[in-house]
Amino acid sequence: MLIVVSGALIKFVDYQREHEVAAPTPLEGIRELTKKYPALENALFDEANELRKFNAVYVDKQKASPQRLNEAVNDDARVEIITAIAGG
Amino acid sequence: MEFDEEKLMTRVNGILNEEVLSFLDAISEACPERDLKSEPIPRGELGTPAAARILSASIPREIGGQGLNFWEWGRVLEQIGRRCDDGSFGLLISMFPAVASIIAESKNDYLIDRYAKGILDGSTFVAFAYTESTDAFSFKTRLRQEGDRLVIDGEKVMLTGGLLADAYMTYVAGESGDELYVVLIDAQDEGVELEPVFAMGLRSAGFARVRFNNVVIPSNRILVRKGGGLSHAQHFLNPRRVVLSSWSIGRMARTLNYCSEYLNNTIRYSRPLSSYSAVQAAFGEMRIAYESAKVSVHESLKLLTAAQLGLYDGDDAHTSAAKYGCVQAGLLVTQRAFELMGGAAYCYPNPMERYVRDGLGAISGAGAQDIVKINTGARALLEAC
């Protein structure tokens, strides 16, 4: 799958937007990416190891539910992570 | 869930009784002078029974508050925005209770007793200490552990109500810099340095910069442990966008009424200004902006309330849309009012020049307009309407 990272998260992946990752599901793909870029893990996952609510994941241009994140995808799936952080 | 307007207004008017309305009028009367001098609203005034009635309105019943939900509380703030001339007051009475409420959510009895319950009688106010001159992933305010002591160094550049607060709900990074904690730091803790921030508008809001120089706090002042701070901040800020906007809707109504009175009573070339079609068109634009923003904010308050009650599990993009639209509408309303009233609006004691200055402050509050657009746009490009 291709994982696309943008916006505020891109600094955690050496400013590379696209990453080819081999994994059966989107969530496992994201976790694989955080193994390569450990600093990304804290931005994406909370202390309970759940995806933080201010992150949205899209699989093949569809917003992914928690269930969808754990479903198998094709090798050419496109997974995009959008984060929405705002200040005070 | 039913959103009954009649029952709502009964509840709102129950909060805003005669004593509270008189209090709001007194705050209004003192506002122009305070604004000229950049004086914070006196702490004593926020501790009066009338202020306490407002401040306790949205605090959970479990800790002694009146337990208004977002819909009800937003509509109270809207009425306050209509009645009270002081924008800073609106900002403070929405912010301090929001901090107390999120502390109450922690279920930490020690922290609730020490930092949340005091809002009920005006004895303790806690400010939100988050903003630095950097992004949330790069905070420079750091916490290090030395035995069972926590030592904090850093700076927060803009605290609403900082000059009035007894403590700060402070977002700090761990030693590695990447995981946020939330801690409570008292204004009297050794090493805390406070400095007023003089702003263009909202000058009675007690804006401050706070520096932490080797501030030592006990570990029981941790509100959120390592790694939970970022989610906590967004959880705090998300509804705040709409709550703040609720007050702004009231301010817009006030502005429209002030402007229409001027236009109806000002004669030019033997006719009231309001009889000129160009003036009618401009005022119509103002009214349209106000009505659109009001509908959006009201709807967002309902969705927030449904989520609060566990009845709605949908996207929260509505809060950003409501905030963004409300701020843009507010800027349009004040600018058009300025254009229609001409030189009269430019000079003290006409409040319009202060309303413009106050309104510009909303651009950056609870998520700056440009960030709201970027975040919304990035998602919208991947989602069909």
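Convention: sequence-line order gives letters A, B, ...; per-chain numbering from 1.
- With rounding to the nearest 0.5 Å, the separation of CG in A/N42 from CG in B/L230 is 7.5 Å.
- Ranked by heavy-atom pairs under 4.5 Å with chain A, the list B/E179, B/K226, B/M158, B/R379 is led by B/R379.
- With a 4.5 Å cut-off on side-chain heavy atoms, A/F54 and B/N238 do not count as touching.
- The CZ atom of B/F137 sits 5.0 Å away from the OG1 atom of A/T83 when rounded to the nearest 0.5 Å.
- Counting heavy atoms of neighbouring residues, nucleotides and ligands inside a 6.0 Å radius, atom CG of A/N49 exceeds 12 of them.
- In this structure, the portions of A/A43 lying under 4.5 Å from any heavy atom of chain B include both its backbone and its side chain.
- The number of heavy atoms from other shown groups lying within 6.0 Å of CZ (B/R144) is above 12.
- Side-chain contact between A/K63 and B/L382 is absent, with no heavy atoms from C-beta onward closer than 4.5 Å.
- Scanning residues 5-27 of chain A against chain B with a 4.5 Å heavy-atom cutoff picks out A/A8, A/L9, A/K11, A/F12, ordered by number.
- Counting heavy-atom pairs under 4.5 Å between each of A/K61, A/E47, A/R52, A/E80 and chain B puts A/R52 at the top.
- Separation of atoms NE2 (B/H235) and NZ (A/K53) is listed at 7.5 Å; rounding is to 0.5 Å.
- For B/S138, the parts lying under 4.5 angstrom from a heavy atom of chain A are both the backbone and the side chain.
- Only the side chain of B/A136 comes within contact range of chain A, with heavy atoms under 4.5 Å apart.
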